[in-house]
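Okay, structure first, notes after.
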Amino acid sequence: MGEEAPEYLVEGLDKFSPLQCDSESQGYQTATAIGDNIYVIGGSDDGAKLSMNVKVFDKLTGIWSIPTVLGTKPVPSKGHSAVLLNNDRILILMRDSPLDDSTWFLEVSTPFIKEQNKILGTEVVAWSKGVRGDGPKPIVISGPSGVGKGTLISKLMKEFPSTFGFSVSHTTRAPREKEVDGVHYHFTERSKMVKEIKDGKFLESASVHGNLYGTSIEAVEAVTDAGKRCILDIDVQGARLVRASPLDAIFIFICPPSFEELEKRLRERGTETEEQVQKRLRNAKAELDQGKSPGLFDHILVNDDLETCYKNLKQTLGLDETADASYQPSMKNYKIPLCHSISKKDQKILIHGGSNELGAATPTLFLLDASLLKGGAPGRMRGLKMYAIDSLIDSLNWIEQL
Ligand SMILES: Nc1nc2c(ncn2[C@@H]2O[C@H](COP(=O)(O)OP(=O)(O)O)[C@@H](O)[C@H]2O)c(=O)[nH]1
Ligand SMILES: Nc1ncnc2c1ncn2[C@@H]1O[C@H](COP(=O)(O)OP(=O)(O)O)[C@@H](O)[C@H]1O
């Protein structure tokens, strides 16, 4: 690529790095060494527009390469800092960003990346966004066609519109009369969807009743970004794939009271041809068997009387308790200081913003605890703990004790 090897490196920090303010130069680009590779993040596109691009320098061969990048990358800010974690991911802190948008991870050799390297046959890296606290777990709802999944989900979304958000799947099946593109499904061409699956845009996908269905990473992220708890209506194959993914969800299987009742509901819904009804009923037998697979579903609910099943669903989701109890207190108005230095001990990172800017309503010291992370690419990295600290002395004592 005709460029020199990067001169500036983020080493494994164990004491304060110098206060970095010079965002005009290096601040926009960081270089982190992992094994023989140096990951250079940031820089500017043509026309000097800031970017969060990634390129890799191989120290052995002296060759630069541009990896396939999965996931949503952060919006460029006034520079960023990079800290290596676990030798398999780089924590990125966006300068001058609100806390909830400040923390990102570039995964470079996590198990997910190793798998994607094999599938895609190229070098892959993936972004995931750090989320403070554990957040509420997404909910996967499965069950045979006609059992009432859609009806139960609609009731939940109607009663708790600000709590839940629906993961809008992609499908190659034709829309039903009342279905709206982008609301019920993203109706799509098979060839387009196959390509997007190959490009790693889907969390899971499966062939169901002769059509392709899939959950895009974007669909789940859109709900999480809106601060809502994501509901996925997917088949048993999809549930199995999500179970094996880093998405830490609750899995609920909905059963009919009897096969005859399932058949009746499916026919009375009147949305399928006789041939399609027959196919769905044949598949229902296998789905009902698979629903009982040990370890796949956390809860099985029988949808006999609708109101009773809905009540049980709400109880299962703990909706009588405070649903968001696991969230950390809001620090929404705080920002990662523009100029800051970083020190790291194990998985604890101290962000020191020097002296406070005049009138700045934000603390200058933050402790970020990344020791209990869950999830990651594709999607979100949860379990990040962020503390605003009053004084440097306190934080140094604290870090010693940790
Ligand atoms: N794996 C997977 N299954 C999906 C997805 N979206 C919907 N499904 C499942 O596909 C099946 C058929 O859905 P649909 O055509 O809407 O028919 P319905 O279940 O009779 O309403 C159902 O079991 C859904 O749960 C998805 O994104 N991934
Ligand atoms: N508990 C229930 N008792 C009777 N009919 C039901 C019940 N739950 C759902 N239905 C009806 O059964 C049909 C199938 O429900 P739907 O929510 O579309 O199923 P799914 O999304 O699982 O395919 C719909 O016409 C719905 O009104």
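These figures come from a predicted structure and were not determined experimentally.
Under 4.0 Å is where a charged nitrogen must lie from a carboxylate oxygen, and between Asp100 and Arg132 at least one such pair does. Under the 4.0 Å criterion applied to side-chain N and carboxylate O atoms, Glu275 and Lys279 are not assigned as salt-bridge partners. A salt bridge is defined here as a Lys NZ or Arg NE, NH1 or NH2 lying under 4.0 Å from an Asp or Glu carboxylate O, and Lys201 with Glu218 fails to meet this definition.
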Check against side-chain hydrogen bond (donor to acceptor under 3.5 Å, both in side chains), Ser167 and Thr215 | CA-CA 7 Å; Ser167 155; Thr215 309; 4.7 Å; no

Could you go step by step and tell me if His184 and Lys178 meet the side chain to side chain contact (heavy atoms under 4.5 Å, CB included) rule?
-> CA-CA 9 Å; His184 299 94; Lys178 289 188 180 144; 5.9 Å; no

What's the verdict on side-chain hydrogen bond (donor to acceptor under 3.5 Å, both in side chains) for Ser343 and His352, showing C-alpha distance, side-chain angles and the deciding distance?
-> CA-CA 8 Å; Ser343 65; His352 181 215; over 6 Å; no

Checking side chain to side chain contact (heavy atoms under 4.5 Å, CB included) for the pair Ile141/Ile153: CA distance, chi angles, key distance, verdict?
-> CA-CA 9 Å; Ile141 297 193; Ile153 292 170; 4.0 Å; yes

Derivation and outcome, side-chain hydrogen bond (donor to acceptor under 3.5 Å, both in side chains), residues Thr72 and Glu221 | CA-CA 9 Å; Thr72 310; Glu221 287 189 355; 2.8 Å; yes

Intermediate values then yes/no, side chain to side chain contact (heavy atoms under 4.5 Å, CB included), Leu350 and Phe366 | CA-CA 6 Å; Leu350 191 66; Phe366 291 96; over 6 Å; no

Working for side chain to side chain contact (heavy atoms under 4.5 Å, CB included), residues Ile349 and Leu367 = CA-CA 6 Å; Ile349 293 138; Leu367 181 70; 6.0 Å; no

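A distance-only check finds a donor-acceptor pair linking the side chain of Gln237 to the backbone of Ser207 [under 3.5 Å]. Judged by distance alone, with hydrogens and angles left aside, the side-chain atoms of Ser77 form a donor-acceptor pair with the main-chain N or O of Arg95 at under 3.5 Å. Checked by atom type and distance alone, the side chain of Asp235 never pairs as donor or acceptor with a backbone atom of Val208 at under 3.5 Å. Using modelled atom types, one side-chain atom of Glu107 and one backbone atom of Ala377 make a donor-acceptor pair closer than 3.5 Å. At distances below 3.5 Å, not a single donor-acceptor pair connects side-chain atoms of Lys374 with backbone N or O atoms of Gly383. At least one donor-acceptor pair closer than 3.5 Å links the side chain of Lys228 to the backbone N or O of Pro161. A donor-acceptor pair under 3.5 Å is formed between the side chain of Thr172 and the backbone N or O of Leu212. At distances below 3.5 Å, at least one donor-acceptor pair connects side-chain atoms of Asp58 with backbone N or O atoms of Leu60. A donor-acceptor contact shorter than 3.5 Å links the side chain of Ser258 to the backbone of Glu261.
Both the sub-6.0 Å distance and the 45° axial angle are satisfied by Lys55 relative to the ring of Trp64. Stacking of Lys285 on the aromatic ring of Phe259 is recorded, both the 6.0 Å distance cut-off and the 45° axial limit being met.
Residues Leu266 and Gly146 share a closest heavy-atom pair of CD1-CA, 3.8 Å. Among all heavy-atom pairs drawn from Phe251 and Ala239, the shortest one is CE2-O, 3.3 Å. The nearest pair of heavy atoms linking Pro67 to Val125 is CG-CG2, 3.9 Å. Taking each heavy atom of Ser145 and Arg269 in turn, the nearest pair found is OG-NH2, 3.8 Å. Between Asp101 and Met94, the shortest heavy-atom distance links the atoms O-CG, 4.1 Å. For the residue pair Val124 and Ile113, the shortest heavy atom distance occurs at O-CG2, 3.2 Å.
A heavy-atom distance below 4.5 Å is not found between the side chains of Ile336 and Asp96. Ser371 is not listed as a side-chain neighbour of Asp346, based on a closest heavy-atom distance of 4.5 Å or more. Side-chain contact check for Tyr213 versus Ile234: every heavy-atom pair is 4.5 Å or farther apart. Side-chain contact between Asp369 and Met386: absent, with no pair of heavy atoms (C-beta onward) separated by less than 4.5 Å. Inter-residue side-chain proximity for Phe105 and Leu384 is flagged as met; some heavy-atom pair is nearer than 4.5 Å. Between Lys59 and Ile38 the shortest side-chain heavy-atom distance falls below 4.5 Å. In this structure the side chain of Gln315 never reaches within 4.5 angstrom of the side chain of Lys311, judged on heavy atoms. Contact check for Arg229 versus Ile250: side-chain heavy atoms found under the 4.5 Å cut-off.
Rounded to the nearest 0.5 Å, atoms NZ (Lys344) and CD1 (Ile351) are 13.0 Å apart. We find the CG-CG distance between Leu241 and Leu203 to be 8.5 Å, quoted to the nearest 0.5 Å. In this structure, CG on Leu84 lies 10.0 Å from CG on Leu91, to the nearest 0.5 angstrom. To the nearest 0.5 angstrom, Asp199 atom CG is 9.0 Å from Leu70 atom CG. The distance from atom CD1 of Ile90 to atom OH of Tyr39, rounded to the nearest 0.5 Å, is 7.0 Å. Taking CG from Leu152 and NZ from Lys314, the interatomic distance works out to 11.5 Å, rounded to the nearest 0.5 Å.
Here the two rings, on His170 and His186, have centers that are under 6.0 Å apart.
Side chain to side chain, Arg173 and Thr171 fail the donor-acceptor criterion of an N or O pair below 3.5 Å. His80 and Thr30 form a side-chain donor-acceptor contact under 3.5 Å, judged by distance and modelled atom types alone.
The side chain to side chain donor-acceptor pair (under 3.5 Å) contacts involving residues 293-307 comprise Lys155-Glu307, Arg240-Ser293, Arg243-Asp298, Asp305-Thr308, where partners must be two or more places apart or lie in separate chains.
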